[in-house]
Structure formats: C-alpha cells, structure tokens
Amino acid sequence: MSNNTPLTISTFPHAIIHIDGDAFFASCEQARDPALRGKPVITGKERGIAASLSYEAKACGVQRGMRLSDIRKICPQVIMLPSDYETYSLLSQRFFSIVRRYTPDVEEYGIDECFADITGLQRPLNASYPKIASQIQADLARELGCTFSIGLAPNKVIAKVASKWKKPAGLTIIPGRDIHRYLNQLLVEKIWGIGHQTRSMLNKYNIYNALEFARQNEDWVKAHFYKPHYEIWQELNGRYVLELNTSEKQSYQSIQKVRTFTPPSSNRDFVYSQLAKNIENACIKARRYCLAAKRIVIFLRTQDFHDRGLEIKFSRPTAFPNEIIKVIFQAFNELFDPTKLYRTTGAFLQQLEEFQNKQLDLFGQSLKIEKLTRLWGAVDKIKKKYGKHTVYLGASFYANQFAQHQGARGALPTRKSNLFKGESSRRRLAIPMLAPPS
Amino acid sequence: MIPKYPHLQKIQNFYQHYRRMPSYREIMELVGWKSKNAVFKLVNKLVDQRLIKKDSHGRLLPSSLFHQVPLLGTVEAGFPSPAEEETSDTMSLDEYLITNKEATYLLKVQGDSMIEAGIMPGDLVLVERGTEPQDNAIVVAEIDGQWTLKYLRKRGKTFFLEAANKKYRPIFPKEGLNVAAVVKAVVRKY
C-alpha cells in the first residue's frame with residue numbers, strides 16, 4: 001500500500017481536542033511574575049531536582065529530573081523556584097472551567113492536560129471545529145497568562161499526536177483523511193499508550209513507524225495484541241473507540257505520599273517521624289474519600305538514591321494511622337541502616353476499598369473501630385477548622401517540629417510568605433496572586 | 001400579579017445557567033415537547049405578557065419583567081418559605097467583587113504611588129486579566145519586567161501611565177504599553 005493512501009476518508013466523525021499546558025508549572029510562574037519572562041526558570045527547588053522547566057531552560061540543555069547542582073553547571077543564570085502547588089492547582093481548576101465554557105464533556109487527564117469532546121457544537125457555538133479550538137486557546141492565554149498547545153482530531157490517540165506536534169502554543173488539526181501524513185513521520189513509541197515493551201515487540205516484526213503499525217491487518221493486530229493496543233490501532237485508523245471519562249475522580253487505586261527533606265539525616269527517630277507523617281497524610285486523604293487500605297508499602301531513599309521498601313498486610317482494612325504505625329515499626333527497623341544518610345521517605349496505601357464498619361465479630365473489634373472512627377472524625381474536624389496537622393501523632397513529632405527543608409532549599413513559595421491580613425500560613429484566599437508590583 | 005407559567009421557569013433556569021436565552025429547539029427539549037409550533041405558541045403568549053421579547057431576527061431576549069417573576073421553588077401547597085424568596089435576589093461578597101472568576105487575580109499593593117486614589121500599601125486589589133481597559137481605568141501594566149499599578153491615561157493617540165501621587169511623574173513607555181490586567185476592586189481588612 002502506498003504511503004499516500006489515507007487511512008480513512010472521513011474528516012471529523014467525532015471532534016476530540018487534547019489540550020496540553022506548555023511547561024505548565026514554569027509557565028504559571030512566568031505568568032505571575034514578568035521578571036521571569038524570557039528567562040530559564042525551573043521549579044522543584046525544594047526537591048533538589050527540576051520538576052518543570054521553562055522553554056528557555058530547555059534551550060540551555062536542562063532536562064526534567066536533573067539535579068540542581070548539575071543544572072547550575074550547564075546553565076548558571078537559571079532561576080530556581082520552590083514549587084507552589086497551591087497556585088498551580090488553582091490555575092489548573094481555572095483551565096478546566098474555561099474549557100467547560102465550550103463543552104461539558106471534558107476529561108481531566110492531569111493537572112495540565114485534558115481531552116474535550118466538541119462533536120456537533122459548530123452550530124450552537126457558531127464556529128467550525130478549528131475555530132472553536134483556537135477560541136479556547138485564546139481564552140486560556142488571555143485569562144491565565146500562559147500558553148497551551150491544542151490538537152484537534154477524530155479521536156483521543158490522534159488528538160494526543162496533534163497536541164504534541166507543535167509546541168509551545170501550537171494548534172494542530174488532523175482530520176481523518178490526513179492522519180497518515182502525520183503517522184508517517186512518527187516513531188511508533190511516540191504514540192500514547194505504546195511503551196518500550198510494545199515497541200520492542202513491534203520492532204521484531206519490522207514495524208518502526210506509527211504508520212506501519214496502523215497499516216497492519218486487523219486480524220493480525222487482534223491475534224498479536226491485547227485489547228488496549230488493538231484499541232490504539234483502531235484509533236490510529238481514525239475510528240473513535242476510546243471514550244472520554246468525564247466523571248470526576250471519585251476513587252483511588254492507591255494513595256501515595258512521598259516527601260523529601262533537607263538536610264538528609266541518619267537519625268532514626270527523625271527519619272521514622274518523617275515516615276509517620278507521610279502515613280498520617282495518606283490516611284487523611286483515604287478518609288476524605290471514605291477509603292480504607294488493606295496493604296501498605298513503605299520505603300526509604302538514601303542520599304545516593306538507593307531505595308529500600310517493604311510491604312505489610314493488615315488483618316482488616318484501615319485508614320487510622322495509629323493502627324498502621326504499630327505494625328510498620330518493625331518493618332522500619334528492618335529497613336533503616338544507621339550508617340546511611342536518608343533523604344526521602346514514602347508510604348503507599350494499596351488495595352483500597354470503601355470504608356465501612358458493619359461486620360460484627362466475636363472479639364469486640366467493631367466496638368474498637370467505632371471508637372476510632374469517632375476519634376479520627378474529630379481529628380478531621382479540627383483539621384478543617386485549624387489546618388492540617390493541628391493534632392498529630394507523637395510518632396511524627398520531629399517531622400512536625402521543623403520545616404520540611406532547612407537552609408536554601410527551605411525557601412517557601414512567595415505566596416506562602418506574602419500574606420494578606422487575615423490569612424494564615426495554613427489558609428489563604430483561593431485566588432492566585434500576581435508578583436508584587438513596583 | 002403575574003400569572004405563573006411553569007414553562008417560563010424552565011426558561012429562566014436555562015438563562016441563569018447559560019447566561020443566554022434558549023433557542024426554539026432548546027425550549028422544545030426543556031419542556032419536553034415534540035413540535036416547534038407549540039414552542040412558537042408558548043413564546044407568543046409570553047411575549048404578549050411582556051415576559052420576554054423578540055429581536056429583529058425573531059430570536060428571544062429577556063425583558064425587564066423576565067427576572068422579576070419570583071422563583072419559588074416547587075412548593076405546591078401552602079406559602080413559600082419567606083426567607084428563601086427574600087434572599088434569592090442577593091449575592092455573596094465573592095459574586096459582588098468578582099465578575100470573571102477564571103480571570104481574576106490578587107495583587108498586594110506596595111508603595112504609595114496610588115495613595116490619592118485611595119489605594120494604600122498592603123491593600124488587596126482584585127484585577128482581571130485580559131480585559132480591554134477603558135480610558136482612565138486603573139491598570140496593572142508591565143514596566144521593565146515588573147508589574148506596576150497606575151491610571152491608564154490617553155493624550156491624543158498616546159497612552160501613558162499616571163500615578164495618583166504628585167511625587168511621581170507620568171510614565172511614557174518607549175516600546176508599546178503592555179497592560180496585563182484591569183483593577184476591579186480594592187479590599188482592605190481592618
């Protein structure tokens with residue numbers, strides 16, 4: 001088959017757009033403070049690595065996940081900022097609201113990306129599909145002050161290809177009959193959902209670019225792959241298979257809390273209390289969604305980035321940190337090596353299920369659970385009124401005594417140190433703040 | 001006394017939600033009818049009652065009476081709860097201060113350059129990003145990589161920035177004026 005034969009002759013049987021923030025966190029900072037415009041900016045200072053980098057920083061050769069000390073060597077003029085997740089989240093919510101002005105069918109796919117279905121909206125919005133996409137893009141840039149790249153296509157997989165095609169501030173439109181022109185220039189592993197395992201397998205069949213994969217016989221694809229990849233193949237051929245998941249996130253598969261602290265420590269009590277604080281935080285989140293975990297994985301990371309972890313199963317699902325602390329203490333002592341310096345601890349609550357205390361038993365367990373439910377219910381109420389960690393476990397005492405990071409990396413995001421009268425370090429107005437004017 | 005039209009309330013709800021009047025087809029779906037002719041008759045009735053208006057193209061517009069019809073919920077018998085009725089026309093401080101939620105940002109005032117406009121150091125200023133400023137509005141502009149809060153003035157065809165304090169001289173930007181946001185409210189908490 002010639003490379004010029006279209007995969008499908010239709011244009012937009014469905015109109016799906018994928019919107020992707022351009023270096024979102026760094027862009028939020030540049031939108032807030034004009035002094036940062038046109039300069040290499042990275043966020044993630046408190047973690048010691050680059051979490052997000054501005055396009056100027058990328059141009060200097062900085063990459064995501066690079067350590068700050070290495071970044072300073074290749075890009076001495078870099079501006080490093082502590083992550084201000086509060087502001088990023090507020091702007092992210094605004095991002096979704098602006099897209100929802102145009103269509104209710106929005107799938108929030110991450111803090112800085114979403115899918116939106118605009119099928120059939122040309123008439124009500126009085127604009128063509130490309131026009132709608134560019135209007136959304138203009139609204140976002142005007143009201144949020146940072147740019148987004150948009151891809152318009154007949155389905156999600158191709159929309160992802162389109163939004164990545166031109167960045168930043170790109171608007172790429174791929175009608176069904178043009179899909180082959182784009183796939184022809186794309187390696188198969190660049191397709192959303194195709195990882196290195198699948199790539200290696202495809203390479204064995206001499207399939208290297210995405211168009212070669214799309215041109216495979218349907219029966220061959222069905223015989224060699226499971227459903228997810230068969231669905232990708234169908235979408236590459238312009239069909240609409242993957243529907244948007246527009247429901248709000250209601251439940252979690254697992255809850256993870258991982259925190260780094262500076263300076264690194266080999267003090268057993270201190271590292272343990274960091275872990276305990278993570279467990280408390282994970283439990284707070286679990287209780288908020290009325291979930292209880294049947295299993296926990298804890299891990300410790302040393303200063304030279306070696307991880308050790310252990311998994312512990314509970315006799316019944318729980319979201320009460322005092323119960324969990326009791327069972328992980330031994331595991332922690334097994335993991336902890338006092339000759340090493342530790343930088344990070346983490347706790348993953350897994351096998352989550354809906355929390356309920358219905359089961360009666362012989363040993364008075366349900367009475368105990370009832371008591372604990374009331375106790376932690378009260379703690380959650382106090383937290384709501386006076387802020388997180390107003391009441392905390394003795395085990396996390398050391399972690400709550402100091403700021404998470406001492407020294408230069410402990411610098412707070414400007415929003416947290418620039419308060420209005422009536423705001424506190426715990427609670428602030430839910431409106432993003434611009435940098436102070438001259 | 002305005003006669004109650006159960007269908008009118010659906011149109012009002014639509015208007016409240018979408019900030020525009022529904023089309024004939026949308027009214028058809030709202031009230032669950034199968035013909036646009038029925039909608040046409042309903043519309044004419046409402047127009048006769050001056051509850052809605054039509055524009056020159058026949059599209060619907062809310063009339064001044066449109067909003068005055070009390071929204072009493074779905075209570076069938078007895079008197080409606082007076083509190084609900086009396087407070088339905090009120091708004092929160094948020095709604096009062098903020099028009100476009102997605103485009104509104106905070107700014108903390110520094111310095112005394114706007115003191116004669118009643119804007120003091122430390123004041124909380126609500127600004128809206130991306131709106132077209134009117135002449136003599138107080139704006140947030142970008143000067144030398146910094147935000148600045150000033151009056152936007154126009155002399156002939158040139159725009160310039162002016163402080164509300166005689167100590168400061170007007171700023172005539174050399175390369176174009178970048179107005180990022182327009183001041184919508186000033187809040188001071190004592």
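Convention: sequence-line order gives letters A, B, ...; per-chain numbering from 1.
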Please identify each residue that fulfils side chain to side chain contact (heavy atoms under 4.5 Å, CB included) with A:Ala430, with sequence neighbours left out.
A:Leu90
Distance-only check: which donor-acceptor pairs of chain B and chain A lie under 3.5 Å?
unit_1   : atom_1 : unit_2   : atom_2 : d
B:Asn100 : OD1    : A:Arg101 : NH2    : 3.3
B:Asn100 : ND2    : A:Glu143 : OE1    : 3.3
B:Lys101 : O      : A:Arg94  : NH2    : 3.1
B:Glu102 : O      : A:Arg94  : NH1    : 3.0
B:Glu102 : OE1    : A:Arg101 : NH2    : 3.0
B:Thr104 : O      : A:Arg94  : NH1    : 2.7
B:Thr104 : O      : A:Arg94  : NH2    : 2.7
B:Tyr105 : OH     : A:Glu143 : O      : 2.8
B:Leu106 : N      : A:Pro432 : O      : 2.9
B:Leu106 : O      : A:Leu434 : N      : 2.8
B:Lys108 : NZ     : A:Asn418 : OD1    : 3.4
B:Lys108 : NZ     : A:Leu419 : O      : 2.4
B:Arg129 : NH1    : A:Ala31  : O      : 3.2
B:Arg129 : NH2    : A:Ala31  : O      : 2.7
B:Glu142 : OE1    : A:Arg37  : NH1    : 3.0
B:Gly145 : O      : A:Ala35  : N      : 3.0
B:Trp147 : O      : A:Ser438 : N      : 2.8
B:Trp147 : O      : A:Ser438 : OG     : 3.4
B:Trp147 : NE1    : A:Arg32  : O      : 2.8

Assert top hit (heavy-atom pairs under 4.5 Å, partner chain B, pool A:Pro432, A:Ala141, A:Ala35) equals A:Pro432
Heavy-atom pairs under 4.5 Å with chain B are the metric here; pick the option from A:Leu144, A:Leu429, A:Ile98 that has the most.
A:Leu144
Report the option among A:Pro437, A:Gly38, A:Ala435 that has the most heavy-atom pairs separated by less than 4.5 Å from atoms of chain B.
A:Pro437
To the nearest 0.5 angstrom, please state how far the CG atom of B:Leu97 sits from the CD1 atom of A:Ile431.
8.5 Å
Selection from B:Gly145, B:Ala180, B:Gly130 maximising heavy-atom pairs under 4.5 Å formed with chain A
B:Gly145
Contact winner vs chain A - B:Leu149, B:Val127, B:Leu124, B:Val109, heavy-atom pairs under 4.5 Å
B:Leu124
Which residues pass the side chain to side chain contact (heavy atoms under 4.5 Å, CB included) test with A:Ala59, sequence neighbours left out?
none
Could you tell me whether B:Phe172 atom CZ has more than 12 heavy atoms of other residues or ligands within 6.0 Å of it?
yes
Please state whether the side chain, the backbone, both or neither of B:Leu126 comes within less than 4.5 Å of a heavy atom of chain A.
side chain
Which is it for A:Phe420 and B:Val187 under the side chain to side chain contact (heavy atoms under 4.5 Å, CB included) test, yes or no, and what are the steps along the way?
CA-CA 10 Å; A:Phe420 286 107; B:Val187 179; over 6 Å; no
Could you tell me which residues satisfy salt bridge (charged side-chain N to carboxylate O under 4.0 Å, His left out) with B:Lys166, sequence neighbours excluded, listed by chain and number?
B:Glu116
Would you mind checking which part of A:Leu140 comes under 4.5 Å of any heavy atom in chain B, side chain (CB onward), backbone (N, CA, C, O), both or neither?
neither
